[in-house]
Amino acid sequence: MKFARLGAPGSEIPVLVDGDRHFDLRSVTSDVDGDFLAGDFRERVDAARAAGELPELEGAADLRIGAPIARPSAVICIGMNYAAHAAESGSEPPKIPIIFLKTPNTVVGPNDDVTIPRGSEKTDWEVELGIVIGARAAYLDSPDEADAHIAGYVVANDVSERAFQIEVSGGQWSKGKIAPGFNPTGPWLVTPDEVDVDDLNLKSFVNGEPRQDSNTSDMIFDVRTIVHHLSQYVTLEPGDLILTGTPQGVALSGKYPYLKPGDVVEISIDGLGHQRQNFVAWEATR
């Protein structure tokens with residue numbers, strides 16, 4: 001199944017996506033949020049569709065695409081999870097997962113404009129596979145238990161400001177990760193039965209020029225290992241979002257320029273969809 005949220009920010013309508021058709025889910029849930037995902041949501045949607053209770057949403061193609069999940073309670077990220085990216089960053093591959101946090105207000109629609117922060121000279125892109133939690137996870141006994149706690153997967157752009165992250169970080173990465181809008185997400189939440197999460201191609205482009213081109217099979221720590229590891233330190237709640245790291249090909253490598261106003265970033269993951277963001281200059285508001 002593919003789920004999306006369509007409409008203006010704060011007023012998104014939850015929908016089931018089937019090809020070019022969008023079925024209104026408001027008879028089943030008010031939103032694609034933790035409460036919805038914590039239940040038997042696939043069975044509920046199947047039953048409602050079979051009963052003819054999911055009308056097609058008129059004008060869906062003309063609506064803004066929001067993040068496919070409502071604002072999560074937590075966004076937890078894994079750093080340097082592709083060996084080639086660690087190398088281009090000048091680091092050895094980690095022996096245990098590196099963890100940092102993004103704030104919930106970073107989560108925006110996949111095609112929303114992204115504002116380059118005031119004073120930024122090193123804003124960067126990062127295509128990433130995102131995990132959406134579907135059942136509370138704490139102290140899992142093994143990675144084999146992780147699948148039962150995963151609602152689905154999303155495309156995410158872990159937008160980063162490298163000077164804030166590294167040069168003025170104070171030893172923590174999150175300072176360069178938490179500007180509003182720094183986590184375009186979607187277009188869809190795709191349930192695990194729809195994709196082979198261990199073999200997905202990831203790509204990014206800047207102004208139509210290729211940047212990243214890799215596969216999730218190159219991750220140092222796979223999805224199940226990540227969920228198990230995190231559960232030893234944090235209680236994962238339904239609707240939470242985990243970003244699993246980015247492959248090589250970012251501006252931090254020194255091979256490409258950092259983003260400037262007017263640049264367009266496109267990212268995609270096989271089976272999970274495509275994003276396109278315009279990067280715009282920061283402007284003071286009253």
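Residues take their numbers from the sequence shown, with the count starting at 1.
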> Hey, could you give me the NZ/CD1 distance between K102 and I76, rounded to the nearest 0.5 Å?
13.5 Å
> Are the charged groups of D198 and R224 less than 4.0 angstrom apart, N to O?
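Answer for the salt bridge query: yes.
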> Restricting to pairs with a member in residues 192-240, which pass ring pair (Phe, Tyr, Trp, His ring centres under 6.0 Å), not counting sequence neighbours?
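Applying ring pair (Phe, Tyr, Trp, His ring centres under 6.0 Å) to every pair that reaches into residues 192-240, excluding sequence neighbours, yields H229-Y233.
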> Is the shortest heavy-atom distance from the side chain of D124 to the side chain of Y258 under 4.5 Å?
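Heavy-atom side-chain distance check passes, below 4.5 Å.
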> State the CZ-OG distance between R162 and S120, to the nearest 0.5 angstrom.
11.0 Å
> Using side-chain heavy atoms (C-beta onward) and a distance below 4.5 Å, is L129 in contact with V223?
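Touching, per the 4.5 Å side-chain cut-off.
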> Hey, mind stepping through E12 and R64 against salt bridge (Lys or Arg N to Asp or Glu O under 4.0 Å) and telling me if it holds?
CA-CA 9 Å; E12 292 92 346; R64 166 187 171 269; 3.0 Å; yes
> Measure from the side-chain N and O atoms of R44 to the backbone N and O of V28, and report whether any donor-acceptor pair falls under 3.5 Å.
yes
> Would you say the side-chain atoms of D24 pair up with the backbone N or O of E56, donor to acceptor, closer than 3.5 Å?
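Side chain of D24 to backbone of E56, a donor-acceptor pair under 3.5 Å: no, none is there.
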> Step by step, would you call E161 with K122 a salt bridge (Lys or Arg N to Asp or Glu O under 4.0 Å)?
CA-CA 5 Å; E161 211 299 333; K122 294 183 177 180; over 6 Å; no
> Should T106 and K177 be marked as a side-chain contact (heavy atoms from CB on, under 4.5 Å) after you check the CA-CA gap, both sets of side-chain angles, and the distance that decides it?
CA-CA 8 Å; T106 59; K177 302 282 190 173; over 6 Å; no
> Please check: side-chain N/O of H149 versus main-chain N/O of R136, any donor-acceptor pairing under 3.5 Å?
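Here the side-chain-to-backbone pair exists.
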> Please report the interatomic distance CG(L236) to CD1(I133), rounded to the nearest 0.5 Å.
5.0 Å
> Got a donor-acceptor contact below 3.5 angstrom from the T115 side chain to the W282 backbone?
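Answer holds: no.
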> Do the side chains of V15 and W188 get nearer than 4.5 Å, heavy atoms only?
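No; the side chains remain at least 4.5 Å from each other.
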> Ignoring hydrogens and geometry, is there a side-chain-to-backbone donor-acceptor pair from E266 to V206 under 3.5 Å?
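Flag not set: sc E266 to bb V206 has no pair under 3.5 Å.
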> Is the closest basic N to carboxylate O distance between R49 and D46 below 4.0 Å?
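So R49 does not pair with D46 through a salt bridge.
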> Would you say S160 and E126 make side-chain contact, with heavy atoms under 4.5 Å?
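Result yes, sub-4.5 Å side-chain heavy-atom pair found.
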> What pairs with F36 under ring-ring contact (aromatic ring centres under 6.0 Å, His included), at least two apart in sequence or on another chain?
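Listed in chain order: F3, F41.
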> Looking at CZ of R71 and CD1 of I69, how far apart are the two atoms once the value is rounded to the nearest 0.5 Å?
11.5 Å
> Tell me whether T185 contacts the main-chain N or O of A156 through its side chain, where contact means a donor paired with an acceptor under 3.5 Å.
no
> Are the side chain of T216 and the backbone N or O of V197 linked by a donor-acceptor pair below 3.5 Å?
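A pair under 3.5 Å: yes.
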> Treating E194 as the side-chain partner and M1 as the backbone partner, does any N or O pair qualify as donor plus acceptor under 3.5 Å?
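Yes, the answer is positive, given that a donor and an acceptor are paired below the 3.5 Å cut-off.
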> Say whether Q277 and N157, considering side chains only, have a donor N or O and an acceptor N or O under 3.5 Å apart.
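Distance-only check passes for Q277 and N157.
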